[in-house]
Visitor: 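Below you will find the structure I want to go over with you.
Note: hydrogens, waters and symmetry copies are ignored here, and every other heavy atom, side chains too, is used.
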Amino acid sequence: MAPSARMAMTRRVHPLVSLNPYQGNWTIKVRVTSKGNMRTYKNARGEGCVFNVELTDGDGTQIQATMFNEAAKKFYDRFELGKVYYISKGTLRVANKQFKTVQNDYEMTLNENSEVEEASDEAACIPETKFKFVPIDQLGPYVNSKDLVDVIGIVQSVSPTMSIRRKSNNETVPKRDIVVADETKKTVVVSLWNELATTVGQELQDIADKSPVVAIKSLKVGDFQGISLSTLGKSIVQVNPVISESKKLRNWYDSEGKETSMASVGSGLSPSTKSGGRSMYSDRVSLAHITSNPSLGEDKPAFFSIRAYISFIKPDQSMCVSQNEYNNEKRQRITVRATAPVDFAAESKFLLEEISKMRASQ
DNA sequence: CCCCCCCC
């Protein structure tokens, strides 16, 4: 008997929702619906390698599982995107809200003693990768947000692979840009990074003249040239996927899309109005807007966003840090909110610690 | 224990 069948018979399969940190003896049956790259890290707590998978069970419940070092090396090749596994002997802990990518209060850690068996015999009733496509003309609200998007479109062009030098550590990374269009008659540039540039990117280049459909899960939405898309380690790229949206898009393109003139979704958007005025930063102003208008906020509160460097923190003003987000090595995006008097010493200490954390993490 | 996701 195959090990996976034995495992299935000797242990009840637990639904993912029933797992918690206090009950260790379980077996789950899950599909790998996302697989991250193997990464190495080095920080104050040590160094090592790590990778994540997202797992989905028959109820559609998802959880993120993380493997470090020996476990990462042991299971990296065993876990294949889209396959179904029996897993036991993992541990659960409360998920860090700040980083969680799936809807689950817990996250799972697998160590080298965890059991991972492919359920190869199964006609498993577990959902495949599910997309939630955002039409290209609706990408605005996602610009620079933490939320990732799925996009489907017709590939209009494919660039050669480029070698990009990463500013942070001078290493080079392969990149390829593709232009994608959809029924909203808008186009957007999608940057494919790393293996996606060299593998599926090459495949797309080879068939670019056939205007293939591409469906991409988990894209980050940036603001380069108004609106831009970029793959992450966990992104999934499917060429001519067999799904209804693909067929619909193909029909549209063949019947009228290919004759239609289409504009870049980011074109004509100035930096402050990029993303069609729907971005969380669409009310962004310059500091001059505030300093040149002494009556601003006099009769009613004024709301706006700014992006600025912190050059000095005055110790005699009340402020409250409401959000504090790392942007890049030269810029920190800090959202501060003027508010009723608070413990400024504590707030400024917090703020400064956050900034030094950001710098340390570069 | 990661939590980065790159470039114009």
Side-chain angles (χ1 to χ4, degrees), chain A residues 34-54 63-76 79 90-102 104 106-112 114 142 144-149 159-179 188-198 201 216-237 264 266 271 274 324-332 354 357-362:
Chain A
S34 168
K35 181 180 171 182
N37 300 322
M38 181 75 86
R39 291 175 289 122
T40 55
Y41 65 92
K42 192 182 223 172
N43 60 30
R45 296 190 191 96
E47 58 181 289
C49 60
V50 62
F51 88 101
N52 301 306
V53 287
E54 285 172 17
I63 195 165
Q64 180 178 262
T66 303
M67 286 144 279
F68 292 96
N69 304 318
E70 287 313 304
K73 287 172 200 151
K74 179 173 177 181
F75 293 125
Y76 187 76
F79 276 124
T91 54
L92 273 83
R93 66 178 62 186
V94 174
N96 186 335
K97 252 199 189 119
Q98 201 186 341
F99 302 121
K100 75 179 182 185
T101 54
V102 299
N104 200 313
Y106 301 119
E107 59 188 22
M108 182 181 293
T109 303
L110 301 178
N111 63 33
E112 57 269 46
S114 299
Y142 296 92
N144 292 333
S145 103
K146 188 167 91 92
D147 295 335
L148 305 179
V149 299
S159 84
T161 308
M162 292 161 275
S163 186
I164 302 300
R165 189 167 294 279
R166 197 186 273 151
K167 277 180 179 171
S168 60
N169 62 2
N170 257 3
E171 284 173 22
T172 59
V173 208
K175 186 196 85 154
R176 196 192 286 267
D177 285 340
I178 64 174
V179 175
V188 68
V189 176
V190 184
S191 296
L192 308 177
W193 293 92
N194 296 306
E195 313 82 71
L196 292 175
T198 53
I216 311 179
K217 186 165 185 63
S218 303
L219 285 163
K220 190 175 147 77
V221 187
D223 62 11
F224 184 65
Q225 289 173 347
I227 298 180
S228 57
L229 297 173
S230 199
T231 63
L232 306 177
K234 62 175 284 188
S235 302
I236 297 169
V237 180
S264 161
K274 75 183 109 190
N324 187 343
E325 182 185 342
Y326 172 73
N327 187 355
N328 68 30
E329 63 177 346
K330 292 205 183 66
R331 301 166 190 158
Q332 277 87 35
E354 289 302 303
K357 262 191 256 169
M358 291 177 208
R359 294 195 170 137
S361 70
Q362 281 168 29

Visitor: Regarding A:Thr101, tell me which of base, sugar-phosphate or nothing describes its non-hydrogen contacts under 4.0 Å with the strands shown.
Guide: nothing
Visitor: Looking for any heavy atom pair under 4.0 Å, which part of the strands does A:Arg45 touch: base, sugar-phosphate only, or nothing?
Guide: sugar-phosphate
Visitor: Roughly how many Å is it from CE in A:Met67 to C1' in B:dC3, rounded to a whole number?
Guide: 15 Å
Visitor: Determine the contact category for A:Asn37: base if any of its heavy atoms lies under 4.0 Å from a base atom, sugar-phosphate if only primed atoms, P, OP1 or OP2 are that close, otherwise nothing.
Guide: nothing
Visitor: What is the distance from NZ of A:Lys220 to P of B:dC7, rounded to the nearest Å?
Guide: 11 Å
Visitor: Could you walk me through whether A:Glu195 and A:Asn37 pass side-chain contact (heavy atoms from CB on, under 4.5 Å), step by step?
Guide: CA-CA 10 Å; A:Glu195 313 82 71; A:Asn37 300 322; 3.2 Å; yes
Visitor: Using only heavy-atom distances, decide whether a donor-acceptor pair under 3.5 angstrom links the side-chain of A:Glu107 to the base of B:dC2.
Guide: yes
Visitor: Could you verify whether a donor N or O on one side chain and an acceptor N or O on the other, from A:Ser159 and A:Arg176, lie under 3.5 Å apart?
Guide: no
Visitor: Atom NZ of A:Lys97 and atom C1' of B:dC3: how far apart are they, to the nearest Å?
Guide: 16 Å
Visitor: With DNA chain B as reference, determine whether A:Arg39 or A:Asn194 sits nearer its 5' end, using the nearest nucleotide of each.
Guide: A:Arg39
Visitor: Between B:dC8 and A:Lys167, is there an OP1 or OP2 to side-chain N/O distance shorter than 4.0 Å?
Guide: yes
Visitor: Give the rounded distance in Å between these two atoms: CG of A:Leu192 and P of B:dC8.
Guide: 18 Å
Visitor: Do any side-chain nitrogens or oxygens of A:Asn43 fall under 4.0 Å of OP1 or OP2 in B:dC2?
Guide: yes
Visitor: Pick base, sugar-phosphate or nothing for A:Gly233, based on heavy-atom distances below 4.0 Å to the nucleic acid.
Guide: base
Visitor: Measuring from A:Leu229:CG to A:Leu219:CG, what's the distance to the nearest 0.5 Å?
Guide: 5.0 Å
Visitor: Taking atom P of B:dC7 as reference, at what distance in whole Å does atom CG of A:Leu232 sit?
Guide: 13 Å
Visitor: Can you name the residues that form a ring pair (Phe, Tyr, Trp, His ring centres under 6.0 Å) with A:Tyr76, not counting sequence neighbours?
Guide: A:Phe51
Visitor: Select one nucleotide: of B:dC8, B:dC3, B:dC7, the one nearest the side-chain heavy atoms of A:Phe224.
Guide: B:dC8
Visitor: Base, sugar-phosphate, or nothing for A:Arg93, non-hydrogen atoms under 4.0 angstrom?
Guide: sugar-phosphate
Visitor: Between B:dC1 atom P and A:Gln98 atom CD, what is the distance in whole Å?
Guide: 13 Å
Visitor: Less than 5.5 Å between centroids and less than 30° between ring planes, does A:Tyr41 satisfy that with B:dC2?
Guide: no
Visitor: What is the separation between atom NZ on A:Lys35 and atom C1' on B:dC2, rounded to the nearest whole Å?
Guide: 17 Å
Visitor: Give every donor-acceptor pair under 3.5 Å between a side-chain atom in residues 42-50 of chain A and any protein atom, sequence neighbours left out.
Guide:
{"residue": "A:Asn43", "atom": "OD1", "partner": "A:Arg45", "partner atom": "N", "Å": "2.8"}
{"residue": "A:Asn43", "atom": "OD1", "partner": "A:Gly46", "partner atom": "N", "Å": "3.3"}

Visitor: Rounding to a whole Å, what distance do you find between A:Phe51:CZ and B:dC4:P?
Guide: 19 Å
